[in-house]
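Every value quoted in this text rests on a predicted model; they were computed, and no experiment measured them. Each residue takes its place number in the sequence, starting with 1.
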Amino acid sequence: MADRRRINGPPGATMAPVFEDDAGQPEIKNGKGRDRAPNIIRKTFLKTGVTPSASGSAYLEFEGSSKSGVSGLKLSCTVHGPRSLPRSSPFSPHIVLSAHVKYAPFATKQRRGYLRDPSERDLGTHLETALRGAIIADRWPKSGVDIIISIIEGDQDRETSKSQGDETWDMMNVLSGCITVASAALADAGIDCVDTVAGGVAALVQDAGEDSTPRIVVDPIPSDHEKVLGACCVAYLPTRDEVTNLWFKGDLPAADAGLYTQLVENGIQASRTANRVLVECLGEATS
């Protein structure tokens with residue numbers, strides 16, 4: 001039987017309106033962004049306490065690209081708990097963490113279903129790993145906490161075709177944002193952590209042009225570059241100088257260990273910048 005209580009959207013891909021006249025917008029040359037240096041992340045908006053019914057909540061938004069038709073990244077996170085586990089659950093001396101990441105059906109150019117797909121489950125697994133290194137788990141024995149993140153906009157270019165594979169690299173930015181917004185929501189819920197964990201992304205990209213050489217940029221937007229050769233997402237605790245999660249993607253030479261080290265260092269630098277935004281947001285919330 002058809003579900004008459006829900007109005008389903010179109011089954012195929014959806015596209016946002018594209019305006020041809022970009023009056024007053026500077027021209028993008030060689031695929032490079034407008035005013036952003038390779039070691040500078042995009043403008044970020046972060047706010048806590050957006051969902052009063054939850055134990056803790058936060059909203060994160062990244063600025064979109066200067067190219068028309070490219071959406072930014074918008075995430076909403078709620079934390080429920082800590083709360084007692086069911087009696088049927090086995091005894092746990094530490095808090096049981098559960099992370100649930102889900103794209104909204106309209107978040108990407110290819111319409112998403114209502115059930116989680118493998119990519120969303122991968123994001124949830126990486127998020128759990130990143131947060132377990134920050135939470136003081138033995139403070140809440142026999143308890144559980146649920147972290148639910150809704151991806152409202154998926155940081156994609158809606159003009160390009162799916163065959164270009166930008167969605168693979170967009171997941172790195174999504175995971176970075178999920179780590180930062182979940183850390184803010186955990187602090188808003190009053191859950192003790194050893195430090196505020198934040199996510200950062202660094203990528204090896206190649207721009208258009210015959211004389212273009214690969215370079216490393218932080219917080220990359222795949223549509224602003226000709227090709228993304230590899231990317232690294234880092235979850236970092238700045239005070240303790242520890243990495244709680246590290247995710248590599250791409251086709252990089254295994255013999256060049258220095259290239260991997262540079263990607264990790266730039267990813268840590270991006271996470272440090274995101275952490276400053278996180279600390280400032282929490283300071284404003286408590287003042």
Side-chain angles (χ1 to χ4, degrees), residues 33-50 56-66 72-79 99 123 126-127 129-136 147 149 151-153 155 170 172-203 215-221 224 231-247 261-287:
R34 271 189 296 183
D35 298 323
R36 194 159 63 98
N39 59 342
I40 301 297
I41 69 172
R42 288 175 285 176
K43 294 181 180 179
T44 308
F45 174 79
L46 180 62
K47 183 176 177 60
T48 58
V50 294
S57 59
Y59 172 79
L60 176 67
E61 181 174 341
F62 279 98
E63 182 186 31
S65 172
S66 56
L73 181 63
K74 297 179 182 179
L75 305 172
S76 176
C77 177
T78 57
V79 174
L123 289 173
H126 283 287
L127 179 61
T129 305
L131 297 179
R132 282 198 185 101
I135 296 177
I136 306 178
I147 301 173
I149 295 182
I151 304 172
I152 304 172
E153 278 191 359
D155 202 11
D170 293 332
M172 308 295 281
N173 289 335
V174 169
L175 176 60
S176 171
C178 288
I179 295 170
T180 304
V181 73
S183 179
L186 286 172
D188 186 52
I191 298 177
D192 294 339
C193 299
V194 296
D195 197 2
T196 53
V197 60
V201 180
R215 61 192 181 105
I216 296 179
V217 298
V218 300
D219 192 16
I221 301 177
D224 286 351
C232 168
C233 181
V234 180
Y236 183 69
L237 301 172
T239 304
R240 299 173 65 94
D241 194 21
E242 294 180 2
V243 174
T244 60
N245 187 64
L246 183 63
W247 188 19
T261 303
Q262 292 178 21
L263 279 175
V264 174
E265 289 177 351
N266 282 269
I268 291 175
Q269 185 62 35
S271 65
R272 287 180 184 271
T273 306
N275 189 272
R276 287 196 289 268
V277 178
L278 174 58
V279 171
E280 183 178 353
C281 172
L282 297 178
E284 293 178 354
T286 56
S287 60

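Ile179 is listed as a side-chain neighbour of Leu127, based on a closest heavy-atom distance under 4.5 Å. Tyr59 has its side chain within reach of Lys74: a pair of non-hydrogen atoms, C-beta onward, lies under 4.5 Å apart. Using a 4.5 Å heavy-atom cutoff, the side chains of Ile221 and Arg42 are in contact. Counting heavy atoms from C-beta outward, Glu280 and Arg276 have side chains that stay 4.5 Å or more apart.
The CD1 atom of Ile191 lies 5.0 Å from the CG atom of Leu186; values are rounded to the nearest 0.5 Å. Between atom OG1 of residue Thr48 and atom CG of residue Leu282 there is a gap of 6.5 Å, rounded to the nearest 0.5 Å. The CD1 atom of Ile149 sits 9.0 Å away from the CG atom of Leu123 when rounded to the nearest 0.5 Å. Interatomic distance, CD1 of Ile41 versus CD of Gln269, reported as 10.0 Å (0.5 Å rounding). With rounding to the nearest 0.5 Å, the separation of CD in Glu61 from OG in Ser76 is 11.5 Å. How far SG of Cys77 is from CD1 of Ile147: 6.0 Å, rounded to the nearest 0.5 Å.
When atom types are taken as modelled, the side chain of Ser183 and the backbone of Ala198 share no donor-acceptor pair closer than 3.5 angstrom. Not a single donor-acceptor pair under 3.5 Å links the side chain of Thr239 to the backbone N or O of Leu237. With hydrogens and angles ignored, the 3.5 Å screen pairs a side-chain donor or acceptor of Asn266 with a backbone N or O of Gln262. For Ser271 (side chain) and Gly200 (main-chain N/O), no donor-acceptor pair under 3.5 Å exists by modelled atom type. Looking only at distances, a side-chain donor or acceptor of Thr244 sits under 3.5 Å from a matching main-chain atom of Ala130.
Here the closest heavy-atom approach between residue Arg240 and residue Asp195 is recorded as N-OD2, 3.7 Å. The shortest heavy-atom contact between Val79 and Ala185 is CG2-CB, 3.5 Å. Closest approach of Leu278 to Thr180, counting heavy atoms only: CD1-O, 4.2 Å. When all heavy atoms are compared, the tightest approach of Leu60 to Gly177 is CD2-O, 3.4 Å. Taking each heavy atom of Val197 and Ala235 in turn, the nearest pair found is CG2-CB, 4.0 Å. Residues Val194 and Gly133 share a closest heavy-atom pair of CG2-O, 3.8 Å.
At a cut-off of 3.5 Å, with distance as the only test, no side-chain donor of Tyr236 or Asn245 sits close to an acceptor on the other residue.
For the side chain to side chain contact (heavy atoms under 4.5 Å, CB included) with Phe62, the qualifying choice from Asp219, Val174, Asn173 is Asp219, the only one to do so.
The side chain to side chain donor-acceptor pair (under 3.5 Å) test applied to Thr196 returns Asn275, not counting sequence neighbours.
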